[in-house]
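Right, one structure below, let's go through it.
The figures that follow rest on heavy atoms only: side chains count, while hydrogens, waters and symmetry mates do not.
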Amino acid sequence: MNAKTDTKMKIVDNAFYEVINHIGSHPAESGGALFGTEDDYVIRRFVPDNNAKTTRVTYTINTDYLNPVIKKLWKEEGLSLLGIVHSHPNGYSSLSGPDMRYFSKLLSGIKRDRFYAPIVFSVPD
C-alpha cells in the first residue's frame, strides 16, 4: 500500500462498532481517538474520550486523559494515534474552521503521512 496515495480510511469491524456504540448514543460533539499502525494506516482501536469538554456545538479533547493512553498503546501494543473522530449536529458533515485550527494546533508535533478526522452523526441528533 502506498500511504501517500491511498487516502480512504480503513477500520476493522470491532473498532467501527465501538465508534457506533459510543458516539452514536451520545449527543453531538462527542468523540474519541483512533489507533492503528503506520505501516498500513488501518484503524484497529477506538478509545472514547469520555471526559472531553463539550457543548452542543464544540468538542475539546481531554488531553490529560488521552495523552497517557496514547503513550500506553504505543509502548504496549505498538499502536499510533491515527485520528480523532467526533460527531456534529445533523447537517454539518465536514470539519469546521475551528475544528481544523484546533486539530492543526493540537497535532503540530505529530508527524504522520496522514491523520484522520472523520465526522459522524449520532442517533440523539
**Request:** Give the C-alpha distance, both sets of side-chain angles, the deciding distance and a yes or no for side chain to side chain contact (heavy atoms under 4.5 Å, CB included) between H86 and I119.
**Result:** CA-CA 5 Å; H86 77 285; I119 300 299; 3.4 Å; yes
**Message:** Within this structure, what is the CG-OG1 distance for the pair D49 and T63, rounded to the nearest 0.5 Å?
**Reply:** 9.0 Å
**Asked** Do you reckon I20 sits in the same ILVMFWY cluster as M9, going by side-chain contacts under 4.5 Å, direct or chained?
**Response** yes
**Prompt:** Can you tell me how far CG of N51 sits from CD1 of I61, rounded to the nearest 0.5 angstrom?
**Reply:** 13.5 Å
Ignoring hydrogens and angles, write down the donor-acceptor pairs under 3.5 Å from the side chains of residues 75-85, residues two or more places apart or on other chains.
| from | atom 1 | to | atom 2 | distance (Å) |
| --- | --- | --- | --- | --- |
| E77 | OE1 | R45 | NH1 | 2.9 |
| E77 | OE2 | R45 | NH1 | 2.9 |
| S80 | OG | E38 | OE2 | 2.8 |

**Asked** Would a hydrophobic clustering, with Ile, Leu, Val, Met, Phe, Trp and Tyr connected at side-chain separations under 4.5 Å, put I43 with F16?
**Response** yes
**Message:** Whether the side chain of T54 engages the backbone of S30 through a donor-acceptor N/O pair (distance < 3.5 Å, no angle test) should be reported.
**Reply:** no
**Request:** Look at the rings of H26 and H22 and say which category their plane angle falls in: under 30° parallel, 30 to 60° tilted, over 60° perpendicular.
**Result:** tilted
**Request:** Of all the heavy-atom pairs spanning A28 and R56, show the shortest one and how long it is.
**Result:** N-NH1, 3.7 Å
**Prompt:** Could you state the interatomic distance from NZ (K71) to CG (L66), rounded to the nearest 0.5 Å?
**Reply:** 12.5 Å
**Prompt:** What distance do W74 atom CH2 and T37 atom OG1 have between them, rounded to the nearest 0.5 Å?
**Reply:** 9.0 Å
**Prompt:** What is the distance from atom CZ of R44 to atom CG of L34, rounded to the nearest 0.5 Å?
**Reply:** 13.0 Å
**Request:** Tell me, please, which residues at least two apart from F35 pass ring-ring contact (aromatic ring centres under 6.0 Å, His included).
**Result:** none
**Item:** Hydrophobic cluster membership, Y116 vs F121, 4.5 Å side-chain cutoff
**Value:** no
**Asked** So V47 and Y65, side chain to side chain contact (heavy atoms under 4.5 Å, CB included) or not? Walk me through it.
**Response** CA-CA 11 Å; V47 175; Y65 168 70; 3.8 Å; yes
